[in-house]
Amino acid sequence: MERWIGPYRSVGEHWLPSAEVLELRRRARKYVMLGRVVLCAAFLLMFAWALVSLYALVFHQSLWYEQRTLVLFWIVGGILALVATAWGGYRLVKIGQGNRCEALVGMFERFVLTVDIESVRQTFGIDESSIREGIPQDAQSDLYIDVYPISQRIRTINGAIVNGYQKANIRTVAPARRRDGEGFPAHLAAEAGPMFLPKFTRYLNVYERSELRAIVFRFLRAKVAPWAIAGLMCGALTGLGLAWMPAVVDTLAYVALIITWTCFTTVVYRSYQLVRDLRSSVVVEVAANEKTGAGRNDDPLEVLPHTQWVWTRDGQPAPWRKS
């Protein structure tokens, strides 16, 4: 399996200098201590907020019925402040623990920019020799990203130290598959969309299936779960608004509920298509339809039959799999 950060491909791991390991240990202690202080402050804030709310509920009951907008802002603002403070402390602790792991491992991973000559040729319509003439021979030695392998935090970019906490999106991609002519007829595959003309079909190998499975779980975690939580929150807000919320807030809650559940059904349908692609574990080699002009006969494409996402282009993994 290959590891990518966009167009940057992993070329291996290297040892960290001793001074940097000591600095990581110092940062680990600092972030863990600061995170624990913020978490304690969050608990104290929650305790004070609960006491004030209980006092108002017991001795000023009329306030909850006469000042609805004020009570709404108090409840929503208090919950958001508590969650934000607790989340900030948790993140600081996690950063400190990540620095501790980085110091224990004592290694960093280098990702070097890989120029896809074929993609540049297809985009700009120039030949390979012209492309290589404009690229210095040692260009790749200056275009790289160093990343800590445990926390995936960026260490340096082209040798320049990165200030702050910036995390890289590392994607594990199956290596390019050699075309050996084995497979089965395309008409036995699941339906291929109208914008492509199916030519050939093959099964995904074990590495490709593992990558596609990771893509499915990543899609569920990044797309489906947030929209589901947003839909449930809007539904709860709408249910409460029927009783005591202002009319404007109630109307906005209904609009937000419709939007969130529309987006939720869309991403659920897309995830269902991804699961179908995973269960079938086939890709269809296609030629572009002349009406769409999505490709050329000398530029073979492999697409997932249900989502219609390009899997490989001319034997190379599609760019979306690397980012």
Side-chain angles (χ1 to χ4, degrees), residues 1-49 79-114 140-174 207 210-211 213-223 225-226 229 321-323:
M1 299 291 282
E2 299 176 347
R3 289 163 61 86
W4 292 77
I5 303 177
Y8 292 81
R9 181 176 179 270
S10 174
V11 294
E13 296 178 339
H14 305 273
W15 293 106
L16 286 172
S18 301
E20 188 170 353
V21 173
L22 296 177
E23 177 65 19
L24 288 173
R25 292 176 180 173
R26 186 189 68 81
R27 289 182 181 179
R29 292 191 296 267
K30 181 182 72 173
Y31 279 110
V32 169
M33 183 179 299
L34 183 61
R36 290 174 178 174
V37 171
V38 174
L39 285 175
C40 291
F43 284 114
L44 292 177
L45 180 63
M46 181 181 64
F47 183 71
W49 181 80
I79 292 175
L80 292 179
L82 293 174
V83 172
T85 306
W87 176 253
Y90 170 76
R91 288 298 303 163
L92 289 173
V93 173
K94 292 294 290 183
I95 292 174
Q97 292 176 347
N99 287 332
R100 184 179 301 165
C101 294
E102 292 160 4
L104 290 174
V105 174
M107 301 186 72
F108 67 91
E109 187 174 7
R110 175 157 295 182
F111 293 79
V112 177
L113 178 64
T114 301
Q140 291 186 350
S141 62
D142 297 328
L143 301 176
Y144 61 90
I145 299 175
D146 291 341
V147 179
Y148 294 106
I150 301 299
S151 63
Q152 298 185 0
R153 181 169 63 92
I154 298 178
R155 174 178 175 261
T156 60
I157 299 178
N158 300 332
I161 298 176
V162 176
N163 296 322
Y165 190 90
Q166 298 184 24
K167 195 172 181 179
N169 292 325
I170 300 178
R171 297 292 182 242
T172 303
V173 179
Y207 299 109
S210 176
E211 180 191 350
R213 187 178 300 107
I215 291 172
V216 171
F217 283 107
R218 188 163 64 240
F219 189 86
L220 292 174
R221 183 175 62 251
K223 301 292 184 181
I229 295 174
R321 296 165 57 189
K322 308 173 185 177
S323 60

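- Scored by the side chain to side chain contact (heavy atoms under 4.5 Å, CB included) test, Val83 finds Ile79 as partners (sequence neighbours excluded).
- Pairing each heavy atom of Cys101 with each of Ile150, the nearest pair is CB-CG2, 3.8 Å.
- Of all non-hydrogen atoms in Arg3 and Thr172, the two that sit nearest each other are CG-OG1, 4.3 Å.
- To the nearest 0.5 angstrom, Glu102 atom CD is 10.5 Å from Gln152 atom CD.
- Counting heavy atoms of neighbouring residues, nucleotides and ligands inside a 6.0 Å radius, atom CZ of Arg36 does not exceed 12 of them.
- The two residues Val147 and Ala168 come nearest to each other via the heavy atoms CG2-CB, 4.3 Å.
- For Gly96 against Ala28, the heavy-atom pair with the smallest separation is O-CB, 3.3 Å.
- Put simply, NZ on Lys94 and CH2 on Trp87 are 9.5 Å apart, with the number rounded to the nearest 0.5 Å.
- Annotation: the span from Lys30 atom NZ to Ile95 atom CD1 amounts to 10.0 Å, rounded to 0.5 Å.
- The CG atom of Leu44 sits 11.0 Å away from the CG atom of Leu39 when rounded to the nearest 0.5 Å.
- With a 4.5 Å cut-off on side-chain heavy atoms, Ile170 and Phe111 count as touching.
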Margin query: Show, in sequence, the C-alpha distance, side-chain angles and deciding distance for Tyr148 and Leu24, and conclude whether the side chain to side chain contact (heavy atoms under 4.5 Å, CB included) test is met.
Written below: CA-CA 11 Å; Tyr148 294 106; Leu24 288 173; 4.0 Å; yes
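- Two residues are said to be in side-chain contact when any heavy atoms from C-beta on lie closer than 4.5 Å; Ser151 and Tyr165 meet this criterion.
- Atom OG of residue Ser210 and atom CD1 of residue Ile215 lie 10.0 Å apart, to the nearest 0.5 angstrom.
- Using a 4.5 Å heavy-atom cutoff, the side chains of Leu143 and Asn158 are in contact.
- Between the side chain of Gln166 and the backbone N or O of Ile154, no donor-acceptor pair lies under 3.5 Å.
- Using a 4.5 Å heavy-atom cutoff, the side chains of Asn99 and Arg153 are in contact.
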Show me the donor-acceptor pairs within less than 3.5 Å that the side chains of residues 5-19 make with the rest of the protein, sequence neighbours left out.
residue : atom : partner : partner atom : Å
Arg9    : NH2  : Glu2    : OE2          : 3.4
Ser10   : OG   : Glu109  : OE2          : 2.6

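- A pairwise comparison of heavy atoms in Phe108 and Pro149 identifies CA-CD, 3.9 Å as the closest pair.
- Taking both residues in full, the closest heavy atoms of Thr156 and Ile161 are given as CG2-CA, 4.0 Å, listed atom of the first, atom of the second, then distance.
- For Phe219, the CZ atom is densely surrounded, since the number of other residues' heavy atoms within 6.0 Å is greater than 12.
- Few gaps surround CE on Met1; more than 12 heavy atoms of other groups in view lie less than 6.0 Å from it.
- Within the model, atoms CZ of Arg100 and CZ of Arg29 stand 9.5 Å from one another, a figure rounded to the nearest 0.5 Å.
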